[in-house]
Amino acid sequence: MSVGRERLAKHIVGLPKSGIREFFDIVSTRQGVISLAIGEPDFDTPWHIREAAITSLEQGKSHYTGNAGLMELRRAIADYVRDRFGGDYDPAHEVLVTVGASEGLDITLRALLNPGDEVLYHEPCFVSYGPEIAMAHGVPVPVETHVEDNFRLSVEALDAKVTPRTRVLVVNFPNNPTGAVLEREDVQAIADFVVRHDLILVSDEIYAELTWGGKRHVSFASVPGLKERLVLLHGYSKAWAMTGFRMAYVCAPAWMMDTILKIHQYQIMCAPTSSQWASLEAMRQPAEDMAPMLRAYEMRRNFLRASFAEAGIPMHNPAGAFYAFPQIAKFGLSAREFAVRLLDAENVAVVPGTAFGACGEGFVRCSYATGIDQLKEAAARIARFVKTL
Ligand code: PMP
């Protein structure tokens, strides 16, 4: 009797491979590449935060915590979310510490979706959204955003895709990969749309602190009356440069949290204890920890904007996160061809926009979570490359 792939779960086998992975496989075959392809901070986690993890281990804090996470940490999170996001969450019943926003998204979707439920999300977007929705037995329904609108999500575009089967809307601002942010009126209009269509909103605000040009992030948690329909995802990976700690949190109303927590409890038990102690330390002086990183990102962003402009590469204003999303369509190559040929000719890696959805065609993502010297060299090589096209 033979056994093979027909035995695997069809809804997983059918998922496409990540477009980023495919491209990294090509990059990994080469030496000396300057990579603008990576989606994580180039900074190390501030030392006092790492030290808190070490101290916790020295003190023998190597046991499980409560399922929802350390109470001290949940209290600190509730305070931060109130002060920074304008949201009011009870740390005992409405805050859950997770293994990255990745886990938060997964368990939220699994708690909310029944098979066949439709989920709206906007593209270009983080590579995980479509697959995560499908893995939770939902039906992913992408909604396009456009460079002409600075990649803001419009209610007209949402209206065109919503059906009686739509249950959830997933949004991410500041956005990976476009760097787009929302204005307060956008946030209110999307919140009104969610209420009008009786949806639940899952807002991935993992880049909340990373906004530029004097803009300040507007959180969906600050919209009066939305809380009962909102799941807020936020974490430590980006603004604190703590990707490897795998720490994030979910804020949701108690009626939902009960069920989200059930999945976390059976699947994860609790987030890693030493990472939780590190995160508690990260809550002590967030502004001081972030300031030097934020200064560097903004300076690099300004540099990239100026150098793309000088090279004749059009780009909208990326007002948040640490990604630039220049438009390369005018050079007559597809996004993938552009990325492959740039790598070939100049040893610079950028990610084709199509890795983030079909409407990313004509764009490439350049991460500026890369040191300024490398960024300068990469920009010079890109400028030289486009002259040959
Ligand atoms: N959401 C977005 C929009 C992201 O860009 C990322 C990381 N690239 C994540 C979630 C995952 O973050 P975490 O490390 O907290 O799992």
Side-chain angles (χ1 to χ4, degrees), residues 18-21 23-24 35-45 49 69 73 77 80-81 95-109 119 121-133 135-136 140 142 145 151 153 168-182 201-211 217 219-220 231-251 264 267-268 271-272 275-276 278-279 282 297 318-325 351 353 355-357 360 365-370:
S18 158
I20 287 200
R21 275 291 132 224
F23 194 68
F24 275 134
S35 181
L36 308 187
I38 313 258
E40 70 165 321
D42 57 316
F43 296 100
D44 292 331
T45 308
I49 298 176
L73 176 57
I77 290 168
Y80 186 81
V81 168
V95 177
L96 168 63
V97 180
T98 60
V99 180
S102 304
E103 189 218 346
L105 178 67
D106 175 50
I107 60 178
T108 298
L109 291 172
V119 180
Y121 65 104
H122 51 97
E123 282 185 343
C125 72
F126 178 41
V127 292
S128 293
Y129 290 157
E132 285 277 7
I133 293 162
M135 287 194 288
T145 59
F151 293 104
L153 176 60
V168 173
L169 167 63
V170 179
V171 295
N172 165 231
F173 295 97
N175 181 259
N176 171 12
T178 64
V181 302
L182 294 181
L201 179 65
V202 178
S203 184
D204 176 350
E205 302 187 16
I206 190 129
Y207 295 99
E209 293 83 357
L210 282 64
T211 53
H217 173 65
S219 173
F220 281 95
V231 180
L232 174 70
L233 304 178
H234 185 249
Y236 299 88
S237 284
K238 311 297 175 175
W240 283 268
M242 287 177 67
T243 45
F245 284 89
R246 309 304 306 121
M247 284 297 291
Y249 52 87
V250 175
C251 296
H264 175 80
Q267 179 188 351
I268 303 287
S275 292
Q276 292 195 53
S279 300
Y297 290 137
F322 41 56
Y323 307 107
F325 207 57
V351 183
F356 310 100
R365 188 189 78 174
C366 304
S367 164
Y368 48 88
T370 309

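What you see is a predicted model, and the numbers here were worked out from it, not measured in a lab. In each ligand, atom 1 is the first atom listed, and ligand 1 is the first ligand listed.
Sorted pairs that involve residues 95-104 and meet salt bridge (Lys or Arg N to Asp or Glu O under 4.0 Å), not counting sequence neighbours, are lacking altogether.
Between F245 and Y236, the distance separating the two ring centers is not shorter than 6.0 angstrom. Ring-centre distance between F126 and Y121: not below the 6.0 Å cut-off. Between Y207 and Y323, the distance separating the two ring centers is shorter than 6.0 angstrom.
Looking at P41 and T243, their side chains come closer than 4.5 Å, going by heavy atoms from C-beta outward.
Near ligand 1, residues G100, A101, S102, F126, Y129, N172, N176, D204, I206, Y207, S237, K238, R246 each place a heavy atom inside the 4.0 Å sphere around the ligand atoms.
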Fill in: Test side chain to side chain contact (heavy atoms under 4.5 Å, CB included) applied to L169 and V119, step by step
CA-CA 6 Å; L169 167 63; V119 180; over 6 Å; no
